[in-house]
Amino acid sequence: MKVIVIGAVAGGPSFATRLRRLNENIDILMIERGSDISYASCALPYYLGDVITDVDTIIERTPTVLKNKNNIDVLVRHEVTSIDSKLKQVTVKNLITNESFTEKYDVLVISTGTRAILPPIKGVDQVNNSFILRNVNDANKIKDYITAEQPKTATIIGAGVAGLEIAENLEDRGIAVTIVDQLAEVAYPYDHEIATIINDELVRNHVKLFLNQKISEIQDAGRKLILTDGSKLTTDMLIFATGVTPNSELAKEAGIQLSRDQHIVVNERLETSVANVYAIGDVIETKSYITGLATPSMLSSAANRQGHLLADIISGNPLTYRGFIGAGVAKIFDLTASFVGYTEHMLAVAGISNYKTIFITPFDHAYFYPSASRLNLKIIFEENTGKILGGQAVGENGVDKRIGELSVAITGNLTIFDLPDLELPYSPPYSTTRDPLNTAGYVAINQISNTANTIKLTEIPENDLTTAFFLDIREADASPAGSLKASKNIPLSKLRQRIDEIPTDRKVYITFRKGLSPYNAARILAGKEIKAVLIQE
């Protein structure tokens, strides 16, 4: 049997090496149009920033290694230009010599990934200082430019996580960074509560942000940028981090079914609509493990796992792909941001509205142990069942650990009712006696049971903003918190003694404050039959 794999960066090598371990007799050929294979694309920003100094360390395998160690043939700088599913063959072009030839297959695996989307900007074709960062060659071009030109400033177009990681690494090299994005907040699809904290961290580290803006024109060969509001920026270099689109044209021409957004549609066995052709990685649309809805699979970790699984499936094991959850993490200066499953932005796109959210800010470990800091944790769950739909967190420590544990909970079909029962390791340097996930479970259960009602600032009725009573329960030595002006400040420690100052003929809101204090205040008021709503910002 002969198996051909198109694409050799993430899922392809994972599939091919696993298949070889399962079967010594299969003829395996990987074809890659780039010059490098099996490299850690997520490490490229850190190579730019000289955190990783040896590029060879992020290239896990080379064609020579795969041939000698795994008896897998690899063609680099070769591109598959067509698939003939009837003849079961592909046409391959040597990108160095421009010669073409055909290769027969019994099984074909498409792992072609994605490519960068460049926005249509006037003057972009006249630019000589612009770059994208998708592969090792791209990274080397950027590093060579920095070495040769010694740029003092850089503008990144796109404030997604990829753009933010590049920003940090350029700033660490002493290059002043400006970010331009058409959205109102950074780090999409993280939700407002998390994005606001990331925004502040960027500003604290001298990154200039121009949000709700596009570049309408590029002048002076890339040195001058004209924004949509007429503002003008000057820059020594441009990096586009404006999103990606699937490399699915080859599949489309072969008659393989694509989704509306041009991903290759696969079933639970990772089969395409054409016999003997499979697909894995960023190029596919699969189903959400959480909702069962169609979803792209856009993470290298998922591609690697899909490749491993597909090798088992092709080898005859009765396994299926259970679906994509989606879990990611990013370092943004001194913060770590992480997510799993759906964000509210993603739920809106999916047309799902039957959910609740909680946002808590416990300490990442025992407050009395040095360097304790706030862990900002958001969990989204179904309103009636408590099914966990997703979670996000940002903070200095323990972020990826909590989101990883939440991912395991989702995989195990746990609900928010199970979170208080999780037995998680405790020691003052690492956690609290009730872990933040335990606390999140308590707060979520309170939401469902209406023990504590919470509302987002943006959802407060317009009339309430002028007629309701807004209670600030901070102590005398504490700074104000939140963006809403309070009607009165009554410290939590004095609330029972001053309970008569709370009106009973007006709706009562407790203004935003981190920690358990707002909840405790609400319970004190509830004991006096005063219903209070906690404001979440």
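The shortest non-hydrogen separation linking L457 to S483 is CD2-OG, 3.2 Å. The minimum heavy-atom distance between T234 and T153, with the atom names listed, is O-OG1, 4.2 Å. Of all non-hydrogen atoms in K378 and F359, the two that sit nearest each other are CB-CD1, 4.0 Å. The two residues V283 and T112 come nearest to each other via the heavy atoms CG2-OG1, 3.6 Å. Pairing each heavy atom of P151 with each of I175, the nearest pair is O-CG1, 3.6 Å. Of all heavy-atom pairs spanning H365 and S371, the tightest one is CE1-O, 3.5 Å.
Under the rule for a side chain to side chain contact (heavy atoms under 4.5 Å, CB included), A348 has no partner lying at least two apart in sequence or in another chain. Under the ring pair (Phe, Tyr, Trp, His ring centres under 6.0 Å) criterion, Y509 pairs with F470, not counting sequence neighbours. Listed by chain and residue number, P246, S259, D261, E285, P296, M298 satisfy the side chain to side chain contact (heavy atoms under 4.5 Å, CB included) test with H263 (two or more places apart in sequence, or in another chain). Checked against side chain to side chain contact (heavy atoms under 4.5 Å, CB included), N384 has the following partners two or more places apart in sequence or in another chain: N354. The side chain to side chain contact (heavy atoms under 4.5 Å, CB included) search around V408 returns none, not counting sequence neighbours.
Residue pairs meeting the salt bridge (charged side-chain N to carboxylate O under 4.0 Å, His left out) criterion with at least one partner in residues 400-410, sequence neighbours excluded, are R402-D435. Listed by first and then second residue, the ring-ring contact (aromatic ring centres under 6.0 Å, His included) pairs involving residues 373-407 amount to none (not counting sequence neighbours). Applying the salt bridge (charged side-chain N to carboxylate O under 4.0 Å, His left out) rule to pairs touching residues 415-433 yields nothing, sequence neighbours excluded. Within the structure, ring-ring contact (aromatic ring centres under 6.0 Å, His included) pairs that include any residue of residues 405-462 do not occur (at least two apart or interchain). Sequence neighbours left out, the pairs with a member in residues 477-491 that pass salt bridge (charged side-chain N to carboxylate O under 4.0 Å, His left out) are K488-E501. Residue pairs meeting the salt bridge (charged side-chain N to carboxylate O under 4.0 Å, His left out) criterion with at least one partner in residues 449-461, sequence neighbours excluded, are E344-K456. Identified under the ring-ring contact (aromatic ring centres under 6.0 Å, His included) test for residues 155-208, with sequence neighbours left out: Y188-H345, Y190-F339.
In this structure, the side chains of L484 and F512 stay at 4.5 Å or more apart for every pair of heavy atoms. The closest side-chain heavy-atom distance from L183 to L211 is not below 4.5 Å. Looking only at side-chain heavy atoms (C-beta outward), S38 and S14 stay at 4.5 Å or farther from each other. For the pair L170 and I146, the minimum side-chain heavy-atom distance is below 4.5 Å. Counting heavy atoms from C-beta on, the side chains of I502 and F469 come closer than 4.5 Å. Residues E168 and P45 have side chains not in contact (no heavy-atom distance under 4.5 Å, counting atoms from C-beta outward).
Checking side-chain atoms of E396 against main-chain N and O of D334 turns up no donor-acceptor pair under 3.5 Å. Side-chain atoms of T114 never come within 3.5 Å of backbone atoms of D282 as a donor-acceptor pair (strictly under, hydrogens ignored). Between the R134 side chain and the V244 main chain, no donor and acceptor come within less than 3.5 Å of each other. Under a 3.5 Å cut-off, the side chain of K387 and the backbone N or O of I290 do form a donor-acceptor pair. Using modelled atom types, no side-chain atom of S300 and backbone atom of A10 make a donor-acceptor pair closer than 3.5 Å. Remark: side-chain polar atoms of D364 are not paired, donor with acceptor, to backbone N or O of L375 under 3.5 angstrom. A distance-only check finds no donor-acceptor pair linking the side chain of D191 to the backbone of T343 [under 3.5 Å]. A donor-acceptor pair under 3.5 Å is absent between the side-chain atoms of T291 and the main chain of S288, judged by distance alone. With hydrogens and angles disregarded, no donor-acceptor distance shorter than 3.5 Å links the side chain of T357 to the backbone of I379. Put simply, the side chain of S338 gets close to the backbone of G328: a donor and an acceptor are under 3.5 Å apart.
Atom CZ of R434 has 12 or fewer heavy atoms from other residues, nucleotides or ligands within 6.0 Å. In this structure, K331 places its NZ atom where more than 12 heavy-atom neighbours from other residues, nucleotides or ligands lie under 6.0 Å away.
Between the CG atom in N520 and the CD1 atom in I510 there is a gap of 9.5 Å [rounded to 0.5 Å]. To the nearest 0.5 Å, atom CD of residue E383 and atom OH of residue Y355 are 10.5 Å apart. For the atom pair CG of L377 and CD1 of I360, the computed distance is 4.5 Å after rounding to the nearest 0.5 Å. Separation of atoms CD1 (I284) and CD (Q306) is listed at 4.0 Å; rounding is to 0.5 Å. Taking CD1 of I198 as the start and CD1 of I332 as the end, the distance is 4.0 Å to the nearest 0.5 Å. Taken from OG1 in T295 to CZ in F324, the straight-line distance is 6.0 Å, to the nearest 0.5 Å.
Considering V136, T57, N140, T53 as possible partners of Y47, the one that fulfils the side chain to side chain contact (heavy atoms under 4.5 Å, CB included) test is N140. Only one option out of I239, L225, N129 pairs with T155 in a side chain to side chain contact (heavy atoms under 4.5 Å, CB included); it is L225.
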- request: Go through the steps to decide whether L525 and L471 satisfy the test side chain to side chain contact (heavy atoms under 4.5 Å, CB included), and finish with yes or no.
  value: CA-CA 11 Å; L525 295 177; L471 174 63; 4.2 Å; yes

query: Should L419 and L414 be marked as a side chain to side chain contact (heavy atoms under 4.5 Å, CB included) after you check the CA-CA gap, both sets of side-chain angles, and the distance that decides it?
result: CA-CA 8 Å; L419 296 184; L414 302 186; 5.6 Å; no

message: Between V399 and V329, does the side chain to side chain contact (heavy atoms under 4.5 Å, CB included) criterion hold? Intermediate values first, please.
response: CA-CA 9 Å; V399 171; V329 63; 5.6 Å; no

message: Let's go through I179 and L164 carefully: what are the C-alpha distance in whole Å and the side-chain angles of both, what is the deciding distance for side chain to side chain contact (heavy atoms under 4.5 Å, CB included) to 0.1 Å, and is it a yes or a no?
response: CA-CA 8 Å; I179 297 178; L164 303 187; 3.6 Å; yes

message: Determine whether Q213 and D229 satisfy the following criterion, side-chain hydrogen bond (donor to acceptor under 3.5 Å, both in side chains), listing intermediate values before the conclusion.
response: CA-CA 7 Å; Q213 292 278 9; D229 69 350; 2.5 Å; yes

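Side-chain atoms of T245 and Q262 include no donor-acceptor pair closer than 3.5 Å.
Ring geometry for Y367 versus F363: interplanar angle of 30 to 60°, hence tilted.
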